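Only a predicted model underlies this, so the values are computations on that prediction, with no experimental measurement involved.
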Amino acid sequence: GRAGLGQGCMEVTVDLQHAFGSHCGSGLRGSALFGDDGGHTLVHPVGRHVVLRHIDSGEASFLTLPGGNGSGSGGKTGGAPGAEVITTCAASRDRGFLAVGERRLKEPCASVGIYDLRASAGAGPTPRRLEPFPKSGPKTRIVGASFSADSEARFLAVLATGPVENTLTVLEWQTDRVLGKHKVDGAVDRVFFCPQQDVFHISVSGPHLLRVSQLKDALSKSRESSLKALPPFAGLDEAAVKIMDHAWVEPGEGTLVACTQEGQVLLICTEEMQVRATYESPFGEDRPTVTPYCLQCFSQGFLVGGGEGLVGLWEKVDAALDPDGAEFKFSRSTCVARAGASTPLSSIDMTSTEESIVFGFRSGDIGTLPLPAIFKGGGGDVHCSVISGGFHAGPVACLDVAVHRPLAVTVGKKDGLVRIWNYASRHCEIRWESQDQGDPPVSAALHPLAYYLAVSFSEKMRFYYILAKGLKLHSEFSIRGVKLMRFSNGGHLMAVAQGKFVHLFSMSTFTKVVTLQGHSHGITAMCFDPEDNSLWTCDSSGQLCEWDPLSGELHSELATAKCEYLAASSGQGSQACFSTASGNKRSLRRMQHCVQETEQDLPGNLRLACLCQYAGTHALFAGSATGVLCVFPSDSALSRFDELGLHSGPCVSIGVSADGRTLLTAGEDGAVFVLGVVGLAFDVLRPPRDDAESSTTAAGGGTFRHSFSSGSPDLTALAAAAAAAAA
């Protein structure tokens, strides 16, 4: 998780430090697992990476295979291409090993990474990459994996889907030996080894399929092993039900339990190959309409996770005490979702000691809970502890970083949530949801002081005070269709793009002072220069304008036919960099007062969707439409850059902290990555001016100097006024 290049005396490098996000809402199997048997760490995929997170401290480390996690675009990069998408995760029973299904750009596109979770960070055996499908193309996808139940986790079952057929393959993964494989007829997404160590049965399931295969002679040295598919189960009409999940009953009796979208839980005997029992109400007779989505078996029974954040507890029955001969009985159902939420569960995992549970929610949240809390819940609510204060359920629409506090704001497209993150404490401090469900937030901008927040909706735009636990409305403007907003670096102005117009607001009076009219098409990007002397706006038709933000006068303009501006950023006075697209051509351009100084064509299909420059330097950071972070050490040498794959979808926004030591990215995969930056320092900022200057302590230490244009307000007074008004 490292990228960087140097030129001359300047070197800029970035390192992955933290990530906010999960794949719990995407349907990925193994989206939240325990990373050790004591239940102290979690392992879950986020973006293109897998993070090992300590539950109590919040510290995170990233698991990376040899060759890094680049884009594989063929550009001027270092390292081999890594995973483009994480497709599944599975841990061994003792949490010693982790299997990660990956999809890469180059053949073989489908591979499995094996990590030793017992090795400390930076030590231990080198991770392995398995390629069980050497000719797999871009449409082949590994959707499930499972280790055998023996203490060595010797065998690995891999379930793959492809354009022609779906395949179950069993390997002795430490020697790369294939023990057997066969075709699976039907869509599949789940695979498990039977927990009985002397019986090598493997179960697979999909929406309309539940089958078992038998691995024969796996331990024989004289006979060749084979994998045989067993016949369908009697009493199970696969076409009539939609199977959501299945699991093996513990400790290992050859019995399967499966849940269906129709609200049934099926008990299936693999010895008799038939359905033994059907339970109609997984969450109790008083909740007959709740759909079950996931299962987790343990020694005393099994848990069913479903809608409304409910977990149903089914306990084993002593056959001698039950005249009806029932094997399991319903005990109670408990809501484990965060207070005030009723989010469906997507996954459940439990340590082998059966002390702790981790829940994955379709909202993207991950929560932990001691297992005894389920037994003591009494059928009420037992809210789990949500990791990092929660994550976004889907794509992030925007990201903005404050100057004087270690805060960043994001808006979720799918969940409609505004989240304010503290990237120093690595926690979501504010989770805000609009009361108007018919008009969710579209975009947000964070004032440099982080006392004010601007939020746009479909029908309006609002300013909020940022309080300790939430937001308080300050003022509202009837401006429709705003998707792009930018505060000036001094915080005294805010630019609001509405279609082809740009409105400038004064933050001292909270009034609109001028409307800029110079575009014939919708604004796609805009930026202030570090001194706030210029505001650049650009549109989808190739029109670029430079404005005086104080007077609203047009300084200069440039029209380029058949060109679309994608992103803009400025790190030097009167200079800015722009990402453009013209037909199949992608390029970066550096402008001086709308006069082009440099243009660099980008390799392949590298489309840069967002740009960010640190004030006073020539370093440039860019996020691509494929989720890759590009690091340019200098905007005067745009032909040299390094790449680091981060997101499993487009990167939508980038921000740098005031001290130049932290970089944040947000993507359509719902992830927010926090990276450490080396090479950007305070002493490279522009020199102080005598006419108007503010010197404040920035996040992470040091003194951040920022000078303002004539007439800009006193930010100390503005901060005091904001705090007093919010109180």
For this session: If the plane angle is over 60° it's perpendicular, under 30° parallel, otherwise tilted; pick one for Phe578 and Trp536.
Result: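 It falls in the perpendicular class, over 60°.
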
Problem set entry | Check: Cys563 main-chain N/O paired with Ser582 side-chain donor or acceptor under 3.5 Å |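 No; judged by distance alone, with no hydrogens or angles, the pair does not exist.
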
Any donor-acceptor pair under 3.5 Å linking the side-chain atoms of [Y] with those of [X]?
X	Y	value
Ser534	His555	no
Ser478	Glu459	no
Ser508	His492	no
His519	Asp539	yes

Exercise. Just wondering, do Leu399 and Val652 contact through their side chains at under 4.5 Å, heavy atoms?
Worked result: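 The answer is no, as the side chains (C-beta and beyond) never meet within the 4.5 Å cut-off.
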
Exercise. Can you find a heavy atom in the side chain of Leu558 that is under 4.5 Å from one in the side chain of His593?
Worked result: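 Side-chain contact under 4.5 Å: no.
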
For this session: List for me each residue that meets salt bridge (Lys or Arg N to Asp or Glu O under 4.0 Å) alongside Glu553, sequence neighbours excluded, and say none if there are none.
Result: none

Exercise. Quick one: salt bridge (Lys or Arg N to Asp or Glu O under 4.0 Å) partners of Arg589, sequence neighbours excluded?
Worked result: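 Checked Arg589 against salt bridge (Lys or Arg N to Asp or Glu O under 4.0 Å); matches are Glu599.
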
Are [X] and [Y] close enough that their ring centres sit under 6.0 Å apart?
X	Y	answer
Tyr452	Phe463	no
His647	Phe673	yes
His474	Phe510	yes

Exercise. Of all residues at least two apart in sequence or in a different chain, which pass the side-chain contact (heavy atoms from CB on, under 4.5 Å) check with Thr515?
Worked result: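 side-chain contact (heavy atoms from CB on, under 4.5 Å) check on Thr515 returns Phe501, His503, Lys512, Gln517.
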
